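Notes for the one structure printed next.
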Amino acid sequence: MTTVLIADDQPMQRFGFRMLLESQDDMTVVGEASNGTEAIRLVDRHHPDVVLMDIRMPGLDGIEATRRIVAAGDRTRILIVTTFDLDEYAYDGLRAGASGFLVKDAQPEELLAGIRAVAGGDAVVAPSLTRRLLDAYIHHLPPAAAPAPAPAEDARLAALTDREREILTVIGKGWSNTEIAGRLHLAESTVKTHVGRILAKTGTRDRVQAVILAYDTGLVTPAP
């Protein structure tokens, strides 16, 4: 059973999410929050598998709530659910530690699949879509927020082998495991092993965070 906390300041939005989730045999809603402060308190109380987190909420917003929940080391994973309009807040949410994001007008089956993916430790954003989204966000961020350090200067990459660094680079470019296996002439099971080691060595939670790391360290640069 996947436990879910809904954090959104719109009562009707929370009601709609609850109705959808409670129609599933493998999901249950453990609480609702109307702002980030309530979300943090309820995560501490219930330790849900997934939080559906809105970004724009009164008081403490969803980004800061995400950052604090992740920093606390809780096993809970955050799924940002917001309006996609090339808004840098969604990118900030991923940088804060969210495991992915969806748009509020996503189809019900997409939301349910996203929750199951995040609960299982995967990223919601498909690899082929990840880079396009991050490129869009990076181009809309202030210059100071753009990734700056060169790969050799970042300690997070120091423990990676040459092959792992190569695979992290192509993850950042949006390649799926199947594409990596085919283009680098590796078994897909070997690729999965490499990806797991990359996440463990760099301290990244999932594939989305690995893509962000690739940008932050300069392994990948935004498309012009």
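The analysis underlying the following values was restricted to heavy atoms, covering all of them including side chains, and did not include hydrogens, waters or symmetry mates. Keep in mind that this is a model prediction, so the values were computed, not measured.
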(request) Please assess Leu20 against Leu112 for the test side chain to side chain contact (heavy atoms under 4.5 Å, CB included), listing each intermediate value before the final yes or no. (result) CA-CA 8 Å; Leu20 174 64; Leu112 295 171; 4.0 Å; yes
(message) Using side-chain heavy atoms (C-beta onward) and a distance below 4.5 Å, is Leu79 in contact with Leu52?
(response) yes
(request) May I ask you to check whether Thr178 and Ser176 show a side-chain donor-acceptor distance below 3.5 Å? (result) no
(request) Please test Ile171 against Ile180 for side chain to side chain contact (heavy atoms under 4.5 Å, CB included), starting from the C-alpha separation and ending with a verdict. (result) CA-CA 8 Å; Ile171 288 174; Ile180 295 171; 4.0 Å; yes
(message) Nearest 0.5 angstrom please: Thr76 OG1 to Leu5 CG, how far?
(response) 8.0 Å
(request) Evaluate the side-chain proximity of Val220 to Val211: yes if any heavy-atom separation is below 4.5 Å, no if none is. (result) no
(request) Would you confirm whether Glu38, through its side chain, and Ser34, through its main-chain N or O, come within 3.5 Å as a donor-acceptor pair? (result) yes
(request) Taking only Lys NZ, Arg NE, NH1 and NH2, and the carboxylate oxygens of Asp or Glu, determine whether Asp9 and Arg14 approach each other closer than 4.0 Å. (result) no
(request) Kindly say whether Leu160 contributes a backbone atom to a donor-acceptor pair with the side chain of Lys201 at under 3.5 angstrom? (result) no
(request) Would you confirm whether Arg95, through its side chain, and Ile212, through its main-chain N or O, come within 3.5 Å as a donor-acceptor pair? (result) no
(message) With a sphere of 6.0 Å drawn around CE of Met12, does it hold more than 12 non-hydrogen atoms of other residues, nucleotides or ligands?
(response) no
(request) Using a 4.5 Å cut-off on heavy atoms from C-beta on, say whether the side chain of Phe17 contacts that of Val29. (result) no
(message) Within this structure, what is the CG-CD1 distance for the pair Asp54 and Ile6, rounded to the nearest 0.5 Å?
(response) 12.0 Å
(request) Please check if the side chain of Gln209 supplies one atom and the backbone of Ala98 the other of a donor-acceptor pair under 3.5 Å. (result) yes
(message) Could you measure the distance from the CD1 atom of Ile115 to the CG atom of Leu21? Nearest 0.5 Å is fine.
(response) 4.5 Å
(message) Working note: Asn177 + Arg207, criterion side chain to side chain contact (heavy atoms under 4.5 Å, CB included); need CA distance, chi angles, decisive distance, verdict.
(response) CA-CA 11 Å; Asn177 285 352; Arg207 201 180 191 97; 3.0 Å; yes
(request) With rounding to the nearest 0.5 Å, note down the distance linking CD in Glu164 to CZ in Arg197. (result) 6.5 Å
(message) Working to the nearest 0.5 angstrom, can you tell me the gap between Ile198 CD1 and Leu157 CG?
(response) 10.0 Å
(message) Distance alone, cut at 3.5 Å: any donor-acceptor contact between the side chains of Thr2 and Asp49?
(response) no
(message) Donor-acceptor check, side chain of Ser99 to backbone of Arg77, threshold 3.5 angstrom: yes or no?
(response) no
(request) Return yes if some donor-acceptor pair links the side-chain N/O of Glu110 with the main-chain N/O of Gln107 below 3.5 Å, else return no. (result) yes
(request) Hey, could you give me the OG1/CE distance between Thr66 and Met53, rounded to the nearest 0.5 Å? (result) 4.0 Å
(request) For side chain to side chain contact (heavy atoms under 4.5 Å, CB included), just list the numbers for Met27 and Glu22, CA-CA rounded to whole Å, side-chain angles, deciding distance to a tenth of an Å, and then say yes or no. (result) CA-CA 6 Å; Met27 295 184 188; Glu22 292 188 340; over 6 Å; no
(request) Check whether any side-chain N or O of Thr193 sits under 3.5 Å from a backbone N or O of Ser189 as a donor-acceptor pair, and report yes or no. (result) yes
(request) Grab the two heavy atoms, one from Ala33 and one from Ala39, that are nearest each other, plus how far apart they are. (result) CB-N, 3.5 Å
(request) Would you indicate whether the side-chain heavy atoms of Arg183 and Val170 approach each other to under 4.5 Å? (result) no
(request) Answer yes or no: is there an ion pair linking Asp26 with Arg116, defined by an N-O contact shorter than 4.0 Å? (result) yes
(request) Keeping the roles fixed (side chain from Thr190, backbone from Leu186), state whether a donor-acceptor pair exists under 3.5 Å. (result) no
(request) With the side chain counted from C-beta on, respond yes when Glu166 and Leu184 share a heavy-atom pair under 4.5 Å apart, and no when they do not. (result) yes
(request) Decide yes or no for Val51 and Val4: does some side-chain heavy atom of the first lie under 4.5 Å from some side-chain heavy atom of the second? (result) no
